[in-house]
Peer 1: 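A single structure is presented below for examination.
Only this structure's heavy atoms are used, side chains among them; waters, hydrogens and symmetry mates stay out. All values derive from a computational prediction rather than experimental measurement. Labels below follow one simple rule: chain letters A, B, ... track the order of the sequence lines, proteins then strands, and each chain is numbered from 1.
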Amino acid sequence: MKNKDLSFNQQCWQLLKKIPKGKVTTYKALANALNTKAYQAVGSAMAANPDLISVPCHRVINSDGRIGKFALGEAKKIELLRSEGIEIKDNKVVDLEHCFFDFS
DNA sequence: TCGAATGACAGCG
DNA sequence: CGCTGTCATTCGA
């Protein structure tokens, strides 16, 4: 986390902001939307987000529906998602396809 | 289950 | 001037 992406991160955040409330996406989807395969770089961009409000990185999860990680902690992430109406079970999203947001 | 790959940037030789 | 390491992941054998 020594790198300070800028343009690349901005792209990730822009997509994040596009996600409507009550929906979630995956790092893979973000990377795919950015036309890149550096899934890690996408997640890394979330860590570099300036504000958790402007960049709801809590709406981003693993492709398996797992929570993965969050700046405030996985538990906090789950709480936030639950607050939006998304159900979480065992650190996993319930009905991922149901609340999954596609960037098409 | 484990390792390799991917994109971008800072630091160092 | 050029290479390496790191990152909240992902996929394949």
Peer 1: What pairs meet the ring pair (Phe, Tyr, Trp, His ring centres under 6.0 Å) rule with one or both residues in residues 36-85 of chain A, with sequence neighbours excluded?
Peer 2: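 Found none.
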Peer 1: Say you pick atom P in B/dT1 and the same atom in C/dC7; how far apart are they, in whole Å?
Peer 2: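 Here B/dT1 and C/dC7 have their P atoms 24 Å from each other.
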Peer 1: Of the options A/T26, A/N91, A/I61, which is the one that meets A/R66 in a side-chain contact (heavy atoms from CB on, under 4.5 Å)?
Peer 2: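 Single pass found, and it is A/N91.
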Peer 1: Kindly say if A/S63 contacts the phosphate of C/dT10, meaning a side-chain N or O under 4.0 Å from OP1 or OP2.
Peer 2: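 For C/dT10, OP1/OP2 do have a side-chain N/O of A/S63 under 4.0 Å.
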Peer 1: When you measure from the side chain of A/K28, which nucleotide among C/dC11, C/dC7, C/dA8 comes out closest?
Peer 2: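 Nearest to the side chain of A/K28 among the choices is C/dC11.
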Peer 1: So which atom in A/L16 and which in A/V60 form the shortest heavy-atom distance, rounded to 0.1 Å?
Peer 2: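 Of all heavy-atom pairs spanning A/L16 and A/V60, the closest is CD1-CG2, 3.1 Å.
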Peer 1: Expressed in angstrom and rounded to an integer, what is the separation of A/Q11 atom CD from B/dA8 atom P?
Peer 2: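 Those two atoms, CD and P, are 10 Å apart.
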Peer 1: Can you check the A/D64 CG to C/dG12 P distance for me, whole Å?
Peer 2: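 My rounded result for the distance is 12 Å.
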Peer 1: Expressed in angstrom and rounded to an integer, what is the separation of A/Y27 atom OH from B/dG7 atom C1'?
Peer 2: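 A/Y27 atom OH is separated from B/dG7 atom C1' by 16 Å.
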Peer 1: Dot-bracket notation for DNA chain C is requested: 5' to 3', Watson-Crick or G-U wobble pairs only, both distances under 3.5 Å, with ( ), [ ], | and . as defined.
Peer 2: |||||||.|||||
Peer 1: Within the structure provided, determine whether A/Y27 and A/Q40 are in side-chain contact (heavy-atom separation under 4.5 Å).
Peer 2: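 They are not in contact (no side-chain heavy atoms under 4.5 Å apart), so the answer is no.
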Peer 1: Between C/dT10 atom C1' and A/L96 atom CG, what is the distance in whole Å?
Peer 2: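 Going from A/L96 (CG) to C/dT10 (C1'), I get 15 Å.
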Peer 1: Out of B/dG7, C/dT9, C/dC11, which has the shortest distance to the side chain of A/A38?
Peer 2: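 Of the options given, the side chain of A/A38 lies nearest B/dG7.
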Peer 1: Taking the side chain of A/Y39 as its heavy atoms from C-beta onward, which of C/dA8, B/dT6, C/dT10 lies nearest to it?
Peer 2: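 For A/Y39, the side-chain atoms sit closest to C/dT10.
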Peer 1: With A/D102, which residues qualify under side chain to side chain contact (heavy atoms under 4.5 Å, CB included), at least two apart?
Peer 2: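 With neighbours one apart ignored, the set is A/F100, A/S104.
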Peer 1: Between A/K23 and A/E84, does any side-chain N to carboxylate O distance fall below 4.0 Å?
Peer 2: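 No, this pair does not count.
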Peer 1: Is there a side-chain polar atom (N or O) of A/N62 under 4.0 Å from OP1 or OP2 of C/dA8?
Peer 2: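 No, because none of the side-chain N or O atoms of A/N62 sits under 4.0 Å from OP1 or OP2 of C/dA8.
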Peer 1: Quickly work out the A/Q40 CD to B/dA4 P distance and round it to whole Å.
Peer 2: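 Whole-Å distance recorded here is 13 Å.
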